[in-house]
Amino acid sequence: MPIVVNLDVMMAKRKMSLNELSQKVDLTLSNLSILKTGKAKAIRFGTLEAICKVLNCQPGDILEFVEE
């Protein structure tokens with residue numbers, strides 16, 4: 001898949017656990033885990049916005065296009 005999710009990288013930079021992010025974004029732990037592992041097929045803009053607010057980052061810090 002040419003879109004890579006770097007959520008784990010941003011969480012590490014901000015020293016934030018999956019549980020803490022889940023609570024702050026108000027997203028279930030399982031859904032956030034699916035996104036973090038790159039298994040998600042889609043993400044809502046509202047969810048992406050909430051994650052970016054909590055992690056103080058831009059969408060491009062989390063999502064990356066990589067040529068195959």
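What you see is a predicted model, and the numbers here were worked out from it, not measured in a lab.
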Tell me the closest heavy-atom pair linking [X] and [Y], and the distance in Å.
X     : Y     : value
Glu20 : Lys15 : OE1-O, 4.4 Å
Met10 : Asp61 : CG-O, 3.6 Å
Ala50 : Val25 : CB-CG1, 3.8 Å
Cys52 : Pro59 : SG-N, 3.5 Å

Between Cys57 and Arg14, is the side-chain contact (heavy atoms from CB on, under 4.5 Å) condition met? List the steps. CA-CA 10 Å; Cys57 66; Arg14 302 298 189 252; 4.1 Å; yes

Tell me whether Met11 shares a hydrophobic cluster with Val9, the cluster being built from Ile, Leu, Val, Met, Phe, Trp, Tyr side chains joined at under 4.5 Å.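 Hydrophobic grouping puts Met11 apart from Val9.
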
Give the cluster check for Leu21 versus Ile34: same hydrophobic cluster or not, with ILVMFWY residues linked at side-chain heavy-atom distances below 4.5 Å. no

Side-chain heavy-atom pair Leu7, Thr37 within 4.5 angstrom cut-off: no

Less than 4.5 Å apart, side chain to side chain, heavy atoms only: is that true for Leu32 and Ile51?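 The answer is yes, as the side chains (C-beta and beyond) meet within the 4.5 Å cut-off.
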
Atom [atom1] in [X], atom [atom2] in [Y]: separation rounded to 0.5 Å?
X     : Y     : atom1 : atom2 : answer
Leu18 : Asp8  : CG    : CG    : 10.0 Å
Leu29 : Gln23 : CG    : CD    : 9.0 Å
Leu48 : Lys53 : CG    : NZ    : 11.5 Å
Asp26 : Lys24 : CG    : NZ    : 13.5 Å
Glu49 : Ile43 : CD    : CD1   : 11.0 Å

What do you reckon, is CZ of Phe65 surrounded by more than 12 foreign heavy atoms closer than 6.0 Å?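 Buried by this count: over 12 neighbours within 6.0 Å.
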
Kindly determine whether Leu63 and Asn6 satisfy side-chain contact (heavy atoms from CB on, under 4.5 Å), including the steps that lead there. CA-CA 6 Å; Leu63 302 175; Asn6 294 315; over 6 Å; no

side-chain contact (heavy atoms from CB on, under 4.5 Å) between Lys36 and Val5, intermediate numbers included: CA-CA 7 Å; Lys36 181 182 166 203; Val5 180; over 6 Å; no

Cut-off 3.5 Å, side chains only: do Thr28 and Asn31 have a donor facing an acceptor?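 Short answer, yes.
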
Taking it one step at a time, do Glu64 and Ile3 satisfy side-chain contact (heavy atoms from CB on, under 4.5 Å)? CA-CA 6 Å; Glu64 177 184 4; Ile3 301 294; over 6 Å; no

